[in-house]
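Heads up: the structure comes next, in structure tokens.
We name chains A, B, ... by the order of the sequence lines, and we start the count at 1 in each one. Keep in mind that the numbers below use all heavy atoms, side chains included, and drop hydrogens, waters and symmetry copies.
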Amino acid sequence: GESVGLHLPTLSVQEGDNSIINCAYSNSASDYFIWYKQESGKGPQFIIDIRSNMDKRQGQRVTVLLNKTVKHLSLQIAATQPGDSAVYFCAEAHTGFQKLVFGTGTRLLVSP
Amino acid sequence: EPEVTQTPSHQVTQMGQEVILRCVPISNHLYFYWYRQILGQKVEFLVSFYNNEISEKSEIFDDQFSVERPDGSNFTLKIRSTKLEDSAMYFCASSQGPDEKLFFGSGTQLSVL
């Protein structure tokens, strides 16, 4: 069956550190992966996505890495800031997708 | 930046009552979705909607649920006879196309008593 899971439920870092949030997926048919950020009282906010024909994609202060061999996805946040504190979800989908399968979420806590 | 808006932000209802959750998707988007998140659990897909019909639904989306686009701007989720287990945060989302990123609203917290 499909499943997307996160290894660490809570990650605590100091301001300025780099953060790495991990995600494992089990559906090898998935070819589109997305990271969302959810702040308290808000809906999921798109951060970055990657398709299965890529291994790495960079955005502003964020990088997503995809390892299809071990079905692993990671989100790297450079120079983490207190405003980055939130719950981060990975999600997977198929091309032409109609539904996203979300992981359980990792809470990122950034201390000043 | 355009955003998906949802109303109300909180809805309290009695078990067995009907509720309608409302959403205004981003104006040039063509695909609309409902997801829900029970407290402490994953965000779960409910239904997708395109061209005035349901294109995909999950096993959660049973006969008690329905969706509608009553006019050119609103997208609604109706639960006919609410159950205690329907208590959750309901998120509306929209996208320009089937392979485009989803933009989510802030959600409606539904509490069934």
Side-chain angles (χ1 to χ4, degrees), chain A residues 1-7 9-10 21 23-27 29-54 57 59-60 62 64 73 75 86-107, chain B residues 1-10 21 23-26 29-51 53-61 67 88-109:
Chain A
E2 298 174 322
S3 70
V4 178
L6 293 170
H7 298 302
T10 303
I21 300 172
C23 175
Y25 65 95
S26 61
N27 189 347
S30 294
D31 56 6
Y32 180 58
F33 305 90
I34 316 98
W35 282 100
Y36 282 92
K37 171 185 180 183
Q38 187 176 25
E39 297 174 287
S40 181
K42 297 184 179 180
Q45 178 187 357
F46 175 90
I47 302 173
I48 192 167
D49 58 2
I50 188 168
R51 298 191 185 271
S52 59
N53 60 349
M54 300 174 68
R57 192 166 187 218
Q60 189 176 17
V62 294
V64 55
L73 189 70
L75 176 69
V87 177
Y88 290 80
F89 294 94
C90 63
E92 62 175 310
H94 305 186
T95 298
F97 68 89
Q98 295 294 314
K99 74 174 186 181
L100 299 176
V101 176
F102 280 82
T104 54
T106 292
R107 182 173 299 281
Chain B
E1 183 174 285
E3 58 181 22
V4 176
T5 57
Q6 291 186 242
T7 54
S9 57
H10 294 84
L21 309 182
C23 169
V24 179
I26 294 172
H29 286 187
L30 300 176
Y31 289 77
F32 314 114
Y33 313 84
W34 284 100
Y35 284 75
R36 78 173 187 189
Q37 185 177 28
I38 296 172
L39 185 63
Q41 298 187 22
K42 300 180 185 182
V43 176
E44 302 173 291
F45 170 81
L46 292 178
V47 66
S48 59
F49 190 87
Y50 169 71
N51 198 27
E53 60 182 24
I54 291 173
S55 47
E56 188 170 348
K57 61 183 181 180
S58 71
E59 59 275 10
I60 302 169
F61 194 89
V67 289
M89 179 73 86
Y90 287 79
F91 293 109
C92 175
S94 68
S95 65
Q96 287 186 313
D99 290 339
E100 302 292 326
K101 62 188 181 186
L102 269 63
F103 290 84
F104 284 82
S106 295
T108 294
Q109 180 64 56

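Residue B:Phe91 comes nearest to A:Lys42 through the heavy atom pair CE2-O, 4.0 Å, listed as atom of the first residue, atom of the second, then distance.
For a residue to count as touching a neighbouring chain, one of its non-hydrogen atoms must lie under 4.5 Å from one of that chain's; by this rule A:Ile34 does not touch chain B. Heavy-atom distances place the side chain of B:Tyr31, and not its backbone, under 4.5 Å from chain A. Only the side chain of A:Gln38 comes within contact range of chain B, judged by heavy atoms closer than 4.5 Å. Contacts between B:Leu102 and chain A at a heavy-atom distance below 4.5 Å involve backbone atoms as well as side-chain atoms. For B:Gln41, no part sits under 4.5 Å from any heavy atom of chain A, backbone or side chain.
Counting heavy-atom pairs closer than 4.5 Å to chain A, the top residue among B:Gln109, B:Gln37, B:Glu44, B:Gln6 is B:Gln37.
Between atom CZ of residue B:Phe104 and atom OH of residue A:Tyr36 there is a gap of 4.5 Å, rounded to the nearest 0.5 Å. Considering OG of B:Ser55 and NZ of A:Lys99, their distance stands at 12.5 Å, rounded to 0.5 Å. A distance of 7.5 Å separates OH of B:Tyr33 from CG of A:Leu100, quoted to the nearest 0.5 Å.
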